[in-house]
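Just below is one structure, and these are the notes that go with it.
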Amino acid sequence: MKRLFALVVLAAACGEETPMNLCDTRPDAGFPGALAPPVVDLQFVPDVLDFGQVPLGTTSTRTVRLEHNGNVDAVLTRPLTTAAFDVRYPRALPFELPAYDQIDVQVTITPTVAEAIRGGHQIDGERAGCWSTTATLVLGGAGS
């Protein structure tokens, strides 16, 4: 009978704990021991891409890598790209990129004028509406 009583007391004590709010990253938020606060960390590698001279009416495509060095999965959403450039992801957006994962992203330039073209691409990564980050890729080239 003593063993059964101890088990019931232990179960009741565990049930009284307040669940951690994983969106709360304050120092006193209650992350126990070695548990790190959640982080969404996206970056393009390289983060600057220059296509150089590209003949008018043609396209040039390069591949960059989008790395997620955070410790929670992130949903990729809200892409923003400057005209003259096209950015393609391996799946339709939005989609989830697991923690510590990476994907290849295709970037294409199609110059329509014989001049320098500067621009960029941004993508947001977020986790359950709690954390978000924006990865930025600086783009350049010239129509010739």
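Hydrogens, waters and symmetry mates play no part in the numbers below; they use all other heavy atoms, side chains included. Computed from a prediction, not measured in an experiment: that's the story for all the values here.
The minimum heavy-atom distance linking Ile117 with Ala84 is given by the pair CG2-CB, 3.9 Å. Annotation for Arg118 and Gly140: closest pair NH1-CA, 3.3 Å, computed over non-hydrogen atoms. For the residue pair Pro55 and Pro111, the shortest heavy atom distance occurs at O-CG, 3.9 Å.
Looking at Asp73, its side chain does come within 3.5 Å of a backbone N or O of Ala99 through a donor-acceptor pair. Checking side-chain atoms of Arg62 against main-chain N and O of Asp50 turns up a donor-acceptor pair under 3.5 Å. In this structure, the side chain of Thr59 does not engage the main chain of Ile109 through any donor-acceptor pair within 3.5 Å.
Residues Val105 and Arg88 fail the side-chain proximity criterion, which asks for heavy atoms closer than 4.5 Å. Using a 4.5 Å heavy-atom threshold, the side chains of Pro38 and Asn71 count as touching. You'll find the side chain of Val40 reaches within 4.5 Å of the side chain of Val72, heavy atoms only. Contact check for Thr108 versus Val87: no side-chain heavy atoms found under the 4.5 Å cut-off. At least one side-chain heavy atom of Val107 sits less than 4.5 Å from a side-chain heavy atom of Val64. Side-chain atoms of Val138 and Asp47, non-hydrogen and from C-beta on, never get closer than 4.5 Å to each other.
Donor-acceptor pairing under 3.5 Å is lacking for the side chains of Asp124 and Thr77. Donor-acceptor pairing under 3.5 Å is recorded for the side chains of Thr63 and Gln106.
The ring pair (Phe, Tyr, Trp, His ring centres under 6.0 Å) check on Phe44 picks up His121, with sequence neighbours excluded.
Atoms CG and OG1, on Leu139 and Thr82 in that order, are 7.0 Å from each other to the nearest 0.5 Å. Taken to the nearest 0.5 Å, the OG1 atom of Thr110 stands 9.5 Å off from the CZ atom of Phe85. How far CD of Glu126 is from CZ of Arg78: 4.5 Å, rounded to the nearest 0.5 Å. Taken from OH in Tyr89 to CG in Leu76, the straight-line distance is 6.5 Å, to the nearest 0.5 Å. One distance of note links CD1 of Ile103 with CG of Leu66; it measures 5.0 Å at 0.5 Å rounding. Separating the NE2 atom in His68 from the CG atom in Leu97 is a distance of 6.0 Å, to the nearest 0.5 Å.
In this structure, Arg91 does not pair ionically with Glu96, as no charged nitrogen and carboxylate oxygen lie closer than 4.0 Å.
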What do the steps show when you test Val75 against Arg127 for side chain to side chain contact (heavy atoms under 4.5 Å, CB included), and what is the final call?
CA-CA 6 Å; Val75 175; Arg127 175 63 182 175; 6.0 Å; no

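Hydrophobic clustering of Ile, Leu, Val, Met, Phe, Trp and Tyr side chains at less than 4.5 Å, counting indirect connections, unites Ile123 with Phe95.
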